[in-house]
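Worksheet: one structure, shown below.
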2 protein chains.
Amino acid sequence: MEGNRYDPFKAAFDSLDEFADMISQVLKCPITIEDANHRLLAYSTHDERTDPARISTIIGRRVPEKVINQLWKEGTIPALLKTKEPIRVKSMEDIGLGHRVAISIWKQDEVLGFIWALEIDRSLTNDDFTLLKNAADAVKNKLLQLQTRKNKKEERTQEFFWKLLTRHLNSPREIMEHFHSLQITPAKFFAVQVYKLPHNITNKEEQAISYLLKTTQRVKILLYAIDCNQLILLAAADYFDNPIPELDYFAKMFAAKLDDRFGIKEITPACSGIYEDYSKISKAYDEANAVLTVKSKFPKETKNIINYQKLGIYQLFDLLLEKRRNEEYENYSLKKLHEYDQKHNSNLLETLESFLNFDDNINDAAKDLNVHANTLAYRLKRISEIGDINFKDPNQKMMLYIDLKLNKYKGI
Amino acid sequence: MEGNRYDPFKAAFDSLDEFADMISQVLKCPITIEDANHRLLAYSTHDERTDPARISTIIGRRVPEKVINQLWKEGTIPALLKTKEPIRVKSMEDIGLGHRVAISIWKQDEVLGFIWALEIDRSLTNDDFTLLKNAADAVKNKLLQLQTRKNKKEERTQEFFWKLLTRHLNSPREIMEHFHSLQITPAKFFAVQVYKLPHNITNKEEQAISYLLKTTQRVKILLYAIDCNQLILLAAADYFDNPIPELDYFAKMFAAKLDDRFGIKEITPACSGIYEDYSKISKAYDEANAVLTVKSKFPKETKNIINYQKLGIYQLFDLLLEKRRNEEYENYSLKKLHEYDQKHNSNLLETLESFLNFDDNINDAAKDLNVHANTLAYRLKRISEIGDINFKDPNQKMMLYIDLKLNKYKGI
DNA sequence: AAACTTTTTGTGAAAATCCCCAAAAAGTTA
DNA sequence: TAACTTTTTGGGGATTTTCACAAAAAGTTT
């Protein structure tokens with residue numbers, strides 16, 4: 001056993017920075033300590049040799065996202081999450097990463113953080129690896145304390161978020177005070193995102209989500225909460241000229257990463273519009289949920305829609321459906337076409353829908369319907385005759401489109 | 001005075017037909033008697049010489065509409081409505097009308113009907129004209145009786161119509177019984193039309209309307225009623241393959257004739273959708289009124305719309321306006337464009353609206369905006385960038401169109 | 001089966017739209 | 001004022017779309 005050997009890390013230490021310096025002196029290389037989310041906890045200072053990746057990490061107090069992405073792709077982080085042994089990482093010059101060795105810090109079967117040792121002048125020996133393992137073991141309690149403190153704070157933030165979502169906090173001043181007391185800087189503009197999973201979110205998945213949120217830097221996540229099969233985020237929408245596409249991109253990327261890295265599949269992302277007034281968070285939450293509802297009703301039509309603003313007319317569907325039901329209205333053109341379809345078993349309605357779906361583009365629609373473009377043109381002529389439709393009138397066409405979709409949902 | 005002269009029409013007569021024969025014998029030419037609405041009341045039979053127009057009149061029990069139209073255009077009817085003297089009408093071969101003389105039958109300053117004398121073998125002399133005047137005088141009381149009887153029936157029909165419009169008759173059986181007792185054959189399909197005038201309808205105008213309704217044969221009017229500044233019609237929608245355009249045409253024609261013939265201007269016609277179930281008359285009435293409301297709010301946009309079905313998305317506007325108000329939603333793209341317009345005093349919103357109004361036709365919209373087509377193309381590129389709009393997505397465009405119109409109405 | 005209507009597909013020329021480039025005009029910033 | 005960005009306009013060629021016509025195919029009626 002190694003217990004008999006000399007262990008320099010048994011000595012007491014006050015701060016993590018002190019400890020990092022200690023390891024650095026023993027192993028004769030720069031040391032960085034991160035938490036499980038790759039946020040910088042401490043780094044050795046008595047040695048000036050370093051590489052760009054480490055500089056960025058120290059400056060930003062977190063590992064840059066592109067480095068994390070690379071370490072995932074290339075297998076280092078997955079390996080660190082599996083084994084308690086040190087892992088050697090080859091130099092990756094494109095992201096400014098020199099040779100280094102990493103080890104994960106464990107508490108039972110949970111990873112609390114990582115220690116990085118840069119191999120700038122010398123490569124670490126097997127003995128050094130053992131020392132690194134000892135260091136990881138020695139530092140774990142310190143990390144545990146930090147984590148507990150953080151967990152408590154996280155609990156408080158989650159509670160705060162829920163209050164916002166459920167309209168239990170309305171005065172802007174009160175909301176700002178809460179933000180301040182949690183040391184969160186509220187963004188000027190925000191949006192609420194909701195990710196729906198096919199099943200309730202497990203603890204393990206929650207950890208994965210939390211990890212991803214902490215390591216993702218593209219969009220700043222102010223708050224998050226988990227509710228059964230939903231992940232709810234409060235995302236900052238500043239810094240961008242066009243936040244909606246940015247948030248869309250983020251949502252897709254986030255869902256893709258959850259799949260790639262943690263095998264969490266079939267995530268449906270949704271996002272509210274952009275708001276400035278924090279007392280409207282609950283409304284934003286409603287919007288995101290409205291997106292999810294519509295997406296479940298019109299999966300094909302809204303496949304690429306994430307943002308409430310981009311729902312277009314589907315925003316109005318619950319309302320319109322109700323109106324149509326109450327007044328038992330029937331679109332005369334559609335009725336005529338339906339009758340014709342029945343009688344001659346043709347498919348003018350389908351044809352019309354495709355044509356409208358493809359923004360009046362005859363070629364695209366013809367391709368979609370697997371017919372010759374001229375066939376489609378002929379059918380459209382017939383449709384305009386039978387349904388008394390003027391295809392130059394956007395107003396008429398919109399109503400047709402809307403009624404087509406409504407009828408579809410009504411199951412006619 | 002002519003009182004001293006021989007008047008063959010002083011003798012008593014039982015039926016109008018008998019009287020027509022009597023005139024015919026005196027004047028030695030075929031005679032037709034019509035009411036004020038050009039419905040056939042009586043015709044002489046002992047003489048077989050006639051012309052196509054008279055044959056059609058007798059067969060259809062009314063003067064054919066094209067003959068009436070021609071007599072209006074050419075001035076005969078206006079003249080008959082002004083003078084008590086006989087009027088000579090030249091032959092009009094295109095409508096099968098031979099030479100004839102007509103005289104109106106007056107009761108005080110109201111025209112009750114007309115007597116027509118065909119000049120087939122001989123032209124009428126001045127003496128004959130005097131005889132004709134005597135005949136017109138002699139027949140007026142008989143016509144008055146008929147009219148009173150008709151007026152009573154008309155009152156009953158109006159009352160029936162009001163009951164239908166105000167939901168006071170709901171059972172189909174009951175409705176059918178009423179129709180039957182009024183000797184009106186209900187059509188299979190019907191629509192309710194409402195014509196709005198800028199002022200309350202005067203008695204004189206009501207007469208003109210009634211006259212037009214009786215003489216118009218293109219669309220069968222089952223019932224009509226007048227309410228302050230509205231004329232309400234129950235129009236039959238059978239016989240046509242596409243009733244909506246037919247009813248539209250009729251409405252325009254009807255309004256135009258009221259203007260042409262009686263100088264009644266600024267009539268706004270509106271029409272409900274087509275219904276089969278007579279218990280839904282009140283709903284049809286609501287629809288026609290909805291058209292009028294929308295037309296007053298969006299006069300330009302709905303200039304050419306008469307039928308509720310053709311209102312398109314404007315059908316939904318009251319509902320949508322309410323929704324938008326409640327949720328204080330703002331279309332992000334429009335907001336961005338508005339901001340840009342304000343900042344650079346450009347007119348991207350106007351540009352977008354025009355483009356959408358003209359069904360995405362760059363040339364038409366450019367003409368409308370008085371700019372070069374390439375300018376418009378450039379602006380659209382900018383609009384899609386600034387507003388994050390994909391002009392290939394019909395859904396997005398519809399929402400823009402709708403929100404543009406809603407904002408317009410909200411007066412932003 | 002023959003005659004007929006409706007629908008589909010193909011072809012090719014005319015028309016239109018799209019797209020790139022460039023210059024001028026207008027507006028902004030240094 | 002100069003440099004710069006944004007917007008407008010124009011030309012002109014490549015590409016698409018539109019349209020008319022015709023033949024074939026499919027479906028209906030007699």
Side-chain angles (χ1 to χ4, degrees), chain A residues 240-242 333-394 396-397 400-401 404, chain B residues 240-242 333-394 396-397 400-401 404:
Chain A
F240 308 117
D241 209 40
N242 271 328
S333 300
L334 295 183
K335 188 182 156 200
K336 280 260 177 176
L337 292 173
H338 184 65
E339 282 168 8
Y340 194 92
D341 276 351
Q342 293 283 303
K343 206 166 176 179
H344 302 84
N345 62 296
S346 49
N347 41 2
L348 298 185
L349 276 182
E350 190 201 356
T351 304
L352 176 61
E353 187 178 357
S354 198
F355 177 67
L356 294 177
N357 276 338
F358 284 96
D359 194 39
D360 301 7
N361 185 312
I362 290 190
N363 275 319
D364 292 355
K367 228 168 276 169
D368 176 58
L369 293 163
N370 289 316
V371 296
H372 194 276
N374 283 358
T375 305
L376 178 52
Y378 171 76
R379 286 194 196 163
L380 289 172
K381 206 190 94 209
R382 297 286 292 133
I383 287 170
S384 82
E385 287 166 4
I386 294 165
D388 184 32
I389 296 164
N390 171 13
F391 280 109
K392 291 279 166 64
D393 181 351
Q396 266 187 59
K397 284 192 295 187
L400 285 173
Y401 185 88
L404 265 172
Chain B
F240 308 116
D241 210 40
N242 271 326
S333 300
L334 295 185
K335 189 181 156 200
K336 280 259 178 178
L337 292 173
H338 184 66
E339 282 166 8
Y340 194 91
D341 276 352
Q342 294 281 303
K343 208 168 176 177
H344 302 82
N345 61 297
S346 48
N347 41 2
L348 298 184
L349 276 182
E350 189 200 356
T351 304
L352 175 61
E353 186 178 356
S354 198
F355 178 68
L356 294 177
N357 275 339
F358 284 95
D359 194 38
D360 299 8
N361 185 310
I362 289 188
N363 275 317
D364 292 355
K367 227 166 279 169
D368 176 58
L369 293 163
N370 290 315
V371 295
H372 194 276
N374 281 358
T375 304
L376 178 52
Y378 171 76
R379 285 197 197 159
L380 289 171
K381 207 191 94 207
R382 296 288 290 134
I383 288 171
S384 84
E385 287 166 4
I386 293 165
D388 185 33
I389 296 165
N390 172 11
F391 280 108
K392 292 280 165 66
D393 181 351
Q396 267 186 59
K397 281 191 297 188
L400 286 173
Y401 186 88
L404 265 172

**Message:** For C:dT6 and A:R382 - does any side-chain N or O of the residue sit under 4.0 Å from the phosphate oxygens OP1/OP2?
**Reply:** no

**Asked** For D:dT8, does OP1 or OP2 lie under 4.0 Å from any side-chain N or O of B:Y378?
**Response** no

Between [N] atom [atom2] and [X] atom [atom1], what is the distance in whole Å?
| X | N | atom1 | atom2 | result |
| --- | --- | --- | --- | --- |
| A:E350 | C:dT7 | CD | C1' | 16 Å |
| A:F355 | D:dT17 | CZ | C1' | 12 Å |
| A:L380 | C:dT8 | CG | C1' | 14 Å |
| B:Y340 | C:dG27 | OH | P | 13 Å |
| B:F391 | C:dT17 | CZ | P | 17 Å |
| B:D341 | D:dT7 | CG | P | 11 Å |
| B:K381 | C:dC21 | NZ | C1' | 13 Å |
| B:L376 | D:dT7 | CG | P | 14 Å |

**Message:** Given 3.5 Å as the limit, does a donor-acceptor pair link the side chain of B:D364 with the main chain of B:F358, or not?
**Reply:** no

**Prompt:** Would a distance-only check, ignoring hydrogens and angles, find a side-chain to backbone donor-acceptor pair under 3.5 Å from B:H344 to B:Y340?
**Reply:** yes

Can you figure out which of [options] approaches the side chain of [X] most closely?
| X | options | value |
| --- | --- | --- |
| A:I362 | D:dT7, D:dT18, D:dT9 | D:dT18 |
| B:H372 | C:dT7, C:dT17, D:dG10 | D:dG10 |
| B:T375 | D:dT9, D:dT17, C:dG10 | D:dT9 |

**Item:** Trace of the salt bridge (charged side-chain N to carboxylate O under 4.0 Å, His left out) decision for B:E385 with B:R382
**Value:** CA-CA 5 Å; B:E385 287 166 4; B:R382 296 288 290 134; 2.9 Å; yes

**Fill in**
Whichever of B:H344 and B:N363 has the more 5' nearest nucleotide on DNA chain C, that residue is B:N363

**Request:** Specify the residue among B:R379 and A:K343 whose closest nucleotide of DNA chain D lies further upstream toward the 5′ end.
**Result:** B:R379

**Request:** Confirm from the modelled atom types if A:N374 and C:dT11 form a donor-acceptor pair under 3.5 Å, side chain to base only.
**Result:** yes

**Any side-chain heavy-atom pair of B:E350 and B:D341 under 4.5 Å** = no

**Request:** Measure the shortest side-chain to side-chain distance between A:D359 and B:D393 over non-hydrogen atoms and say whether it is less than 4.5 angstrom.
**Result:** no

